[in-house]
Amino acid sequence: VDNNGTGVRDENEPLSRAGHEPYDDVGTDGIASVNEPGYVPGVNEDPNGDDWHPQYNPTGTENNLRFDEGEPYRDYGLDGVANTASSPYDFGEGNGKYDMAPGLRTMLERDSRTVIEQLPSATQPKKLDDAAMRRVDLWTDGGTRDLFNFAVDASSLAGAWMGRGRIVHYYTSFGLIPGQDPTKPKDFIGGFTRWSDLPGGIMIRYGKIDPTPADITNGSGQHVGTGTEIAFRLQSALYYISSRWPDAPHTLDEASTTNPAPDANDDLIKGNVDFDFTDSLGRKGPVSVNLPPGYANADLQAKRYPVIFLLHGYGQEPQDLKAALLFLSNWMNSPFDAAGQRLSKAIVVYVDGRCRAGQGGDECIRGTFFTDSVRPTGPKMEVWFNELSDEIDRRFRTMGPSEVDWTE
């Protein structure tokens, strides 16, 4: 911080460390809106139409909180101070390119919005091209009062999705999703919506807009939400996922306990399987699996099922999610729903992302949470996850790939 305006860092002047060289977030045209021809305060505040907004102008580059090619930057190094290249604490000054701290670059390699927008700060060896985008759909939500600002994050993510030409629908409550009873916006019944009619991008903002003190106390719009909001979040996401497998089984099936297959053990019959999985690198972690109703029934051994992988939150482990979704069987096998209204039967796998002492070098000092560490001795959680996927295919009757024609 150049307190005395000399243009250089003087003794005792503080550093503002941002993880990157200073730049002007004015967009690829290199011109701030106030300097664009035609700028009139309150009338035309974005003459060039490049001001970023996650919902209304997601492809804008001015004030998008990312460095874009064409934006002016100061080649001062990471300390943000000119003429300090000789300092052992500086990095990148005078090298003729925009620099970020290696840690920030590593984070952006895994940042969904950066990857989707294919920004230069996303450094994956292979870009998320149009063909890859067509294979993926997005369901995201966020609480209006989430202390982690997930509604803000989710909105930015949905905007990036829309900026790649995908359709995004925004909903302010689960009861307003098409197919629900519009006279009862506080209610939500998963089987009422034709989920396959929804586009490949959905953003849900949950939480009361004008909450009472009791609503706030109960957690409305907060990180996980009220008990009702939690249930609706899980149910809606799972029904949306389910709709992406139109050829998955939806039949009303007899329970495994009624007629178990001769070779089925107690875990398969009960539909709950827990095991530890060790990958090729030696990383060991717990896995919990919920099997669909009838999986171990002797008359249903030819049926195969899609797989849903559920990843727990920070500080949790697989068993924490397993306990929260004991009502899956009712959604998949309710005798009161028509086949088209049921959640498709699927194998649900709860994946371990918790750092565990003594594995993968210093995993529990600097965990990576479902991703691969860039450090040679760090944990390779994505490797473990990918190999677990193969293990699930080996252990259970999973569906193979299929092609579905679908127009957004």
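Values below: every heavy atom of this structure, side chains too, minus hydrogens, waters and symmetry copies.
- For the pair Arg164 and Asp130, the salt-bridge criterion is met [side-chain N within less than 4.0 Å of a carboxylate O].
- Note: Glu62 CD to Ile31 CD1 = 9.5 Å, rounded to the nearest 0.5 Å.
- Side-chain atoms of Ser156 and Trp52, non-hydrogen and from C-beta on, do get closer than 4.5 Å to each other.
- Taking both residues in full, the closest heavy atoms of Gly143 and Ala151 are given as O-CB, 3.1 Å, listed atom of the first, atom of the second, then distance.
- Between the side chains of Ser33 and Asp51, at least one donor N or O sits under 3.5 Å from an acceptor N or O.
- Tested against Leu138 for a side-chain contact (heavy atoms from CB on, under 4.5 Å), the candidates Val168, Ile202, Leu157 yield a single pass: Leu157.
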| request: Please step through ring-ring contact (aromatic ring centres under 6.0 Å, His included) for the pair Tyr350 and Phe309, ending with a clear verdict. | output: CA-CA 6 Å; Tyr350 309 93; Phe309 291 96; over 10 Å; no

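- The salt bridge (charged side-chain N to carboxylate O under 4.0 Å, His left out) test applied to Glu71 returns no partner, not counting sequence neighbours.
- The two residues Gly221 and Glu229 come nearest to each other via the heavy atoms N-OE1, 3.1 Å.
- In terms of the side-chain hydrogen bond (donor to acceptor under 3.5 Å, both in side chains) criterion, residue partners of Arg394 (sequence neighbours excluded) are, by chain and number, Glu391.
- With no hydrogens or angles considered, a side-chain donor-acceptor pair links Arg66 and Thr114 at under 3.5 Å.
- Within the structure, salt bridge (Lys or Arg N to Asp or Glu O under 4.0 Å) pairs that include any residue of residues 332-351 do not occur (at least two apart or interchain).
- At a threshold of 4.5 Å between non-hydrogen side-chain atoms, the residues Thr106 and Leu108 do not count as touching.
- By the 4.5 Å heavy-atom criterion applied to side chains, Arg233 and Gln235 are not counted as neighbours.
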| field | Full working for salt bridge (Lys or Arg N to Asp or Glu O under 4.0 Å) between Arg283 and Asp352 | value | CA-CA 11 Å; Arg283 200 261 176 193; Asp352 180 47; 2.9 Å; yes

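- Shown here are the salt bridge (charged side-chain N to carboxylate O under 4.0 Å, His left out) partners of Asp210, two or more places apart in sequence or in another chain: there are none.
- Residues Trp161 and Val136 come closest through the heavy atom pair CZ2-O, 3.2 Å.
- You'll find the side chain of His312 reaches within 4.5 Å of the side chain of Phe369, heavy atoms only.
- Asp279 and Lys284 are not joined by a salt bridge, as no carboxylate oxygen comes within less than 4.0 angstrom of a charged side-chain nitrogen.
- Not counting sequence neighbours, the partners of Asp181 by the side-chain hydrogen bond (donor to acceptor under 3.5 Å, both in side chains) test are Thr183.
- The two residues Ser402 and Asp247 make their nearest non-hydrogen contact at OG-OD2, 3.1 Å.
- A donor and an acceptor atom, one from each side chain of Glu387 and Ser280, are located under 3.5 Å apart.
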| message | For a side-chain contact (heavy atoms from CB on, under 4.5 Å) check, start with the C-alpha distance between Tyr295 and Val273, then their side-chain angles and the critical distance, and finish with the verdict. | response | CA-CA 12 Å; Tyr295 180 88; Val273 179; over 6 Å; no

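- Enclosure of atom CZ in Arg74 by more than 12 non-hydrogen atoms of other residues, nucleotides or ligands within 6.0 angstrom is indicated.
- Counting only N and O atoms by type, the side chains of Ser256 and Asn297 include no donor and acceptor under 3.5 Å apart.
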| task | Evaluate side-chain contact (heavy atoms from CB on, under 4.5 Å) for Val348 paired with Leu328, printing each intermediate quantity in order. | result | CA-CA 9 Å; Val348 182; Leu328 271 174; 3.8 Å; yes

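- Under 3.5 Å, the side chains of Asp68 and Thr61 contain no donor-acceptor pair of N or O atoms.
- Counting all heavy atoms, side chain and backbone alike, Met332 lies closest to Pro293 at SD-CD, 3.9 Å.
- Sorted by first and then second residue, the side-chain hydrogen bond (donor to acceptor under 3.5 Å, both in side chains) pairs involving residues 131-140 (not counting sequence neighbours) are Asp137-Arg166, Asp137-Arg244.
- Note that OG1 of Thr172 is 10.5 Å distant from CE of Met203, once rounded to the nearest 0.5 Å.
- Every residue two or more places apart in sequence or in another chain that forms a side-chain hydrogen bond (donor to acceptor under 3.5 Å, both in side chains) with Thr212 is listed here: Asp215.
- Contact annotation: the side chain of Thr144 never approaches that of Tyr206 to less than 4.5 Å [non-hydrogen atoms, C-beta and beyond].
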| task | For side-chain contact (heavy atoms from CB on, under 4.5 Å), just list the numbers for Ile177 and Ile204, CA-CA rounded to whole Å, side-chain angles, deciding distance to a tenth of an Å, and then say yes or no. | result | CA-CA 9 Å; Ile177 296 173; Ile204 294 277; 3.9 Å; yes

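- Within the structure, ring pair (Phe, Tyr, Trp, His ring centres under 6.0 Å) pairs that include any residue of residues 22-45 comprise His20-Tyr23, Tyr23-Phe67, Tyr23-Tyr98 (at least two apart or interchain).
- With sequence neighbours left out, the side-chain hydrogen bond (donor to acceptor under 3.5 Å, both in side chains) criterion links Asp50 to no other residue.
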Side-chain donor-acceptor pairs of residues 257-272 under 3.5 Å, sequence neighbours excluded:
| residue | atom | partner | partner atom | Å |
| --- | --- | --- | --- | --- |
| Asn259 | ND2 | Asp299 | OD2 | 3.3 |
| Asn265 | OD1 | Asp267 | N | 3.2 |
| Asn265 | OD1 | Leu268 | N | 2.9 |

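- Side-chain contact of Glu13 with Asn3: a donor-acceptor pair under 3.5 Å is absent, judged by distance alone.
- A salt bridge links Glu117 with Arg113: the distance from a Lys NZ or Arg NE/NH1/NH2 to an Asp or Glu carboxylate oxygen falls below 4.0 Å.
- In this structure, CZ in Phe148 is found 11.5 Å from CD in Gln222, a value given to the nearest 0.5 Å.
- There is no side-chain donor-acceptor pair under 3.5 Å between Asn149 and Asp153.
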| query | Are Thr228 and Phe188 close enough, and set up right, to give a side-chain contact (heavy atoms from CB on, under 4.5 Å), and what steps lead you there? | reply | CA-CA 10 Å; Thr228 299; Phe188 175 79; over 6 Å; no

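- Between Ile116 and Leu128, some side-chain heavy-atom pair lies under the 4.5 Å cut-off.
- Taking both residues in full, the closest heavy atoms of Pro22 and Gly77 are given as CD-O, 4.2 Å, listed atom of the first, atom of the second, then distance.
- Tyr170 does not carry Arg205 over the face of its six-membered ring by the limits of under 6.0 Å from the centre and within 45° of the normal.
- Remark: Thr251 engages Asp253, Lys303 in a side chain to side chain contact (heavy atoms under 4.5 Å, CB included) (not counting sequence neighbours).
- Asp90 and Thr84 are linked by a side-chain donor-acceptor pair at a separation below 3.5 angstrom, with hydrogens and angles left out of the test.
- In this structure the side chain of Tyr171 reaches within 4.5 angstrom of the side chain of Pro178, judged on heavy atoms.
- Screening residues 250-287 for ring pair (Phe, Tyr, Trp, His ring centres under 6.0 Å), with sequence neighbours left out, gives Phe277-Trp384.
- Residue-environment remark: CZ (Phe192) stays at or below the threshold of 12 foreign heavy atoms within 6.0 Å.
- The shortest distance between side-chain heavy atoms of Glu21 and Asp75 falls below 4.5 Å.
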